[in-house]
Amino acid sequence: PMLVPMIGQLLQIPTNKEVVYQACWLCGSVLLDAGILNHPATSIASPKLVPILFQELRENTPHSLTNQRELLQALWNALTVPDHVGDVPASPIPLPGWELVRPALFTIVRLAGSADADASMAAVSILELLLDQHVRHGEDHERLKVALLENDIASVLEKLCESQSNEELAEVAANLLDNHFYIDEEEFVMDVHPITPSKVMPDGTFSFGLHETMNGGEQIQIQRGMGRGRDA
């Protein structure tokens, strides 16, 4: 238990790159078993460390690219459901509040499109896990997709689908497009509620002006892309 607060503190010292690098590695190791029922990684480590990982991935946090990649790797470990240990079940860990997830999306999308293959794979995999988990919560899923579109996720994923050097990454990107954005074989279409520009609220969180009603939504249409099965 004493190790977890120490890791959390070390992750928040961006001026010491080597310390953060080592803390990220340790954090990722601790979170490998997050999701296993009654495991310390689930009950103790993830509630403390996952919010800090999202926090440190905010746009204006001065971490180096290398350490942003390591933060992503640790977060990827935390969000990935581990294999069962015997008869002990495992399930996705609860996500922190939207006020922590939303500010990190810009950095995650930017790293998804970076030339660093490891950072790109971690970022795209995290987005897939976030979207998959939010599918169970319709309003949250829509809000997440709107935020990702605001950060130009469509263009990033399309470029990754065209990658000839990393087929695994291209496949994950194609899965994201097919499972969460494309709704037919001809168009990239997403039904969204009418939105107003993002604004910062007095408490420091973001408001997207999403209407509560499920009626009167708009459609965002983008030319047919390169998702799985669309390169014919």
Side-chain angles (χ1 to χ4, degrees), residues 4 8 11-12 14 27 31 34-35 41-61 63 68 71-81 91-113 119 122-157 175-177 179-181 190-220:
V4 171
L11 290 172
Q12 300 176 74
C27 181
L31 292 172
T42 305
S43 59
I44 298 174
S46 64
K48 298 290 185 180
L49 296 178
V50 170
I52 292 174
L53 291 172
F54 275 107
Q55 172 188 298
E56 294 305 302
L57 284 167
R58 292 172 301 176
E59 178 182 356
N60 296 322
T61 306
H63 288 291
Q68 286 180 334
L71 288 164
L72 283 178
Q73 295 281 359
L75 184 58
W76 187 11
N77 283 357
L79 298 182
T80 301
V81 179
S91 60
I93 62 171
L95 294 174
W98 179 245
E99 69 279 2
L100 282 177
V101 174
R102 170 62 185 89
L105 293 179
F106 175 85
T107 301
I108 296 173
V109 172
R110 174 173 56 80
L111 292 173
V124 172
S125 298
I126 286 169
L127 292 178
E128 183 177 42
L129 289 164
L130 289 174
L131 285 163
D132 285 347
Q133 184 162 349
H134 276 83
V135 162
R136 297 195 299 274
H137 312 286
E139 185 175 336
D140 288 343
H141 187 243
E142 179 177 315
R143 179 168 59 175
L144 177 57
K145 289 203 294 185
V146 169
L148 290 173
L149 285 171
E150 288 183 339
N151 284 288
D152 204 24
I153 187 61
S155 296
V156 171
L157 293 177
N175 286 339
L176 265 178
L177 286 173
N179 296 336
H180 296 284
F181 295 103
M190 180 186 141
D191 291 314
V192 299
H193 297 209
I195 59 175
T196 57
S198 306
K199 61 181 179 179
V200 179
M201 303 300 287
D203 62 356
T205 60
F206 286 77
S207 170
F208 289 90
L210 291 179
H211 291 207
E212 292 181 0
T213 176
M214 293 301 292
N215 298 319
E218 299 177 354
Q219 283 192 333
I220 296 176

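Residues Phe106 and Asn151 come closest through the heavy atom pair CD1-OD1, 3.3 Å. Contact detail for Glu56 and Leu11: the closest heavy-atom pair is OE1-O, 3.5 Å. Closest approach of Val124 to Ala112, counting heavy atoms only: CG2-CB, 3.8 Å. Of all the heavy atoms in Thr61 and Gln55, the pair that sits closest is OG1-O, 3.7 Å. Nearest heavy-atom pair across Leu72 and Ala123 is CD1-CB, 4.0 Å. Residues Lys48 and Val4 approach most closely at CB-CG1, 3.6 Å, considering heavy atoms.
When side chains are defined from C-beta on, Leu31 counts as touching Leu53, because their heavy atoms get closer than 4.5 Å. In this structure, Arg102 and Arg143 have side chains that are not in contact, with every pair of non-hydrogen atoms separated by 4.5 Å or more. Between Leu95 and Leu130 there is a side-chain heavy-atom pair separated by less than 4.5 Å.
By the side-chain contact (heavy atoms from CB on, under 4.5 Å) test, Pro51 pairs with Pro96, Leu100, sequence neighbours left out.
One distance of note links CG of Leu105 with CH2 of Trp98; it measures 5.5 Å at 0.5 Å rounding. A distance of 13.0 Å separates CH2 in Trp76 from CD1 in Ile108, rounded to the nearest 0.5 Å. Atom CD1 in Ile126 sits 4.0 Å away from atom CG in Leu75 (nearest 0.5 Å). Remark: Leu177 CG to Leu157 CG distance equals 4.5 Å, nearest 0.5 Å.
Partner Leu127 forms a side chain to side chain contact (heavy atoms under 4.5 Å, CB included) with one of Asp132, Leu148, Leu144 and no other, that one being Leu148.
Looking only at distances, a side-chain donor or acceptor of Ser46 sits under 3.5 Å from a matching main-chain atom of Thr42.
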